[in-house]
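Accompanying notes for the structure given below.
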Amino acid sequence: QVQLVESGGGLVQPGGSLRLSCAASGSIFSVNDMGWYRQGPGKERELVATITAGGSTTYADSVKGRFTISRDYAKNTVYLRMSSLKPEDTAVYYCNAYLRPTYYSGYEDYWGQGTQVTVSS
């Protein structure tokens, strides 16, 4: 059983910073891409940032220069450092991992339960 557990969300003022963490645990043979997505009020889920097994990163245009994704390969953990936060960054942030649970299985998408980030004064 694979679990992705996020932490680090909360309430922050505009211009502030937060760091999200997501640890993948359980039966894990290999992890490929990891990433963060978000879903704002009344909006569809959108990609925020991803990081490949080789360390290549991609960002949504709306967060480039403000957010940084990183990864601890030994801990199967992905981080999202968010700076210069804006009210429009308010959303539930979801962690994603594309991984193989066992040697005999293929790669599958796994999701965390989500963590709320609210940017407001």
Quiz item: Does Tyr107 have any ring pair (Phe, Tyr, Trp, His ring centres under 6.0 Å) partners at least two apart in sequence or in another chain, and if so, which?
Solution: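 Per chain and number, Tyr107 pairs via ring pair (Phe, Tyr, Trp, His ring centres under 6.0 Å) with Tyr98.
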Check the side chains of [Y] and [X] for a donor-acceptor pair under 3.5 angstrom, ignoring hydrogens and angles.
| X | Y | answer |
| --- | --- | --- |
| Thr90 | Glu88 | no |
| Tyr37 | Arg45 | no |
| Thr50 | Thr58 | yes |

Quiz item: Is any side-chain N of the basic residue among Lys64 and Asp61 closer than 4.0 Å to the acidic one's carboxylate O?
Solution: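 Answer for the salt bridge query: yes.
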Between the main-chain N or O of [Y] and the side-chain N or O of [X], is there a donor-acceptor pair closer than 3.5 Å?
| X | Y | value |
| --- | --- | --- |
| Glu6 | Gln113 | yes |
| Arg81 | Thr68 | no |
| Arg66 | Ser84 | yes |

For residues 14-22, tabulate all N or O donor-acceptor pairs below 3.5 Å that involve a side-chain atom, not counting sequence neighbours.
none

So how far is it from [X] [atom1] to [Y] [atom2], rounded to the nearest 0.5 Å?
| X | Y | atom1 | atom2 | value |
| --- | --- | --- | --- | --- |
| Leu80 | Thr115 | CG | OG1 | 11.0 Å |
| Arg38 | Gln116 | CZ | CD | 12.0 Å |
| Ser56 | Ile69 | OG | CD1 | 11.5 Å |

